[in-house]
Amino acid sequence: MIPFNLPPVIGTEVNYLKQAINNNKLCGDGPFTKQVSHWFEYKFKAKKVLLTPSCTAALELAAILIDIKEGDEVIMPSYTFVSTSNAFVLRGAKIVFIDIDRNTMNIDASKIEAAITKNTKAIVPVHYAGVSCDMDTIMLLAKKYQLWVVEDAAQGVMSCYKNKALGTLGHIGCFSFHETKNYTSGGEGGAILINDSSLIERAEIIREKGTDRSQFLKGQVDKYTWKDIGSSFLPSELQAAFLFAQLESAQQINERRLNIWHQYHLAFFQLEKEGVLQRPYVPDESQHNAHMYYLKLKDIEQRSSFIAFLKNKGISSVFHYIPLHSSPAGKKFGDFHGDDTYTTIESEKLVRLPLYYSQTDDQVKQVIEAVKEFFI
Ligand SMILES: *Cc1c(COP(=O)(O)O)cnc(C)c1O
């Protein structure tokens, strides 16, 4: 059986977990958390990186940080994970869903401006499959209308847009270290990247239950107190220790994933040429991290038989994202702006193939052979 995903494990995690235990410091913001934050800040040229228990938590922290209130509107694609919108709905926002670009499955930046109203507060681009959104267009709109940009870069760790790391382009970026992502902090985890200096101090306060404890620990204030609303957005040191081991091997993990991605891409070139399927499209300005390999088939019926066919051969393939605007909560908390030209129809064609760090070349070949057999 070839699973759809296995969590990445490098082998050195257990040493760092032991070290964290020996440090007698297991709660948040210990030495491993600091090391991981610095790794990202240095490697991605990010102003401030704070670890969180998940990307969901990072998005929730972001929504508090930019003061989302009842009646505010937040623009995002409908083709995304529920947490992208939940975080803002929790603050009372109305979600304005925009159609996707059929090539990248990312928000169609050319359709954003028409959806902006006096209530619009933020744009949330989601870098689907680790392939960047059209960030130049989005940042220009943000400047013109004074909007916040919160990147959902859950899938984009180690990806770039014009050689800049995803997550560092908007005012705020959010990462995920869930076990289905490229790097994991032991199953669950995330980070918030604060790229606008004016937001850093308050981000630290919100993350520390609304207190100025982090300034206190740095010796900047002599006692700490309740300053603002907040919550507990700190992961444990064990999560940071686990992640640190993976970051030390980040290049190796990235290269292996890209290698698998390219094996698939090369193998399906001919089928795309014959017009029986579509392969993922990566724009020139995007350097991706091989977060996922998907195919787009004819329609939802063909996809169902494709998934069943692979399953029969012991290969697990999956689809995801019922567009949020067609879900019960999406209907309640959001509206689709303009026409749904591509979101529903393209999402129904998409199927994801197994792609994980420990996948062997032999397993990749088995998947390729099975896919080819389906189309004979
Ligand atoms: C995985 C994912 C999330 C949620 O990440 P968690 O760390 O599991 O909370 C949010 N948005 C997108 C686009 C994701 O793929």
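Computation of the quantities below employed the complete heavy-atom set of this structure, encompassing side-chain atoms and omitting hydrogens, waters and symmetry-equivalent molecules. Ligands are counted one by one from 1 in listed order, and the atoms in each one are counted from 1 as well.
Using a 4.0 Å cut-off to heavy atoms of Val126, the atoms of ligand 1 that qualify are 13 (C). Here is the list of ligand 1 atoms found below 4.0 Å of a heavy atom in His178: 8 (O). Distances below 4.0 Å separate heavy atoms of Gly189 from the following atoms of ligand 1: 7 (O). For ligand 1 and Lys181, the ligand atoms under 4.0 Å from any heavy atom of the residue are 1 (C), 2 (C), 14 (C), 15 (O). For ligand 1, the atoms sitting less than 4.0 Å from at least one non-hydrogen atom of Ser54 are 7 (O), 9 (O), numbered in the order shown with element in parentheses.
Sparse packing is recorded around OH of Tyr224, with 12 or fewer heavy atoms of other residues, nucleotides or ligands lying under 6.0 Å away. Counting heavy-atom neighbours within 6.0 Å of Ile345 CD1, excluding the residue itself, gives a total of 12 or less.
The two residues Trp226 and Gly210 make their nearest non-hydrogen contact at CD1-O, 3.4 Å.
Residue-level proximity to ligand 1 for Thr56 is carried by backbone and side chain together, each with a heavy atom below 4.0 angstrom. When heavy-atom distances to ligand 1 are checked against a 4.0 Å cut-off, Tyr79 has no atom that comes that close, whether in backbone or side chain. Of all the heavy atoms of Ala154, the ones lying under 4.0 Å from any atom of ligand 1 belong exclusively to the side chain.
For atom 3 (C) of ligand 1, the nearest non-hydrogen atom of the protein is Phe81 CD2, 3.5 Å. The nearest heavy-atom contact from the protein to atom 15 (O) of ligand 1 is Gln155 NE2, 2.9 Å. In terms of protein heavy-atom proximity, atom 11 (N) of ligand 1 is nearest to Asp152 OD2, 2.8 Å.
Heavy-atom distances between Ala57 and ligand 1 stay at or above 4.0 Å for every pair. Using a 4.0 angstrom heavy-atom cutoff, Tyr321 counts as in contact with ligand 1.
When Lys296, Arg303, Lys298 are each tested for a salt bridge (charged side-chain N to carboxylate O under 4.0 Å, His left out) with Glu346, only one passes: Lys296.
Remark: Arg279 fails to qualify as a cation-pi partner of Phe269 under the 6.0 Å distance and 45° angle criteria applied to the six-membered ring.
Between atom CD of residue Gln287 and atom OH of residue Tyr161 there is a gap of 10.5 Å, rounded to the nearest 0.5 Å. For the atom pair OH (Tyr128) and CG (Asn106), the distance works out to 9.5 Å, reported to the nearest 0.5 Å.
For a threshold of 3.5 Å applied to N or O pairs, the pair formed by Ser176 and ligand 1 contains at least one separation below that value.
Taking 4.0 Å as the cut-off between side-chain N and carboxylate O, Lys218 and Glu204 count as a salt-bridged pair.
Here the side chains of Tyr293 and Ile260 are not in contact, with every heavy-atom distance at 4.5 Å or above.
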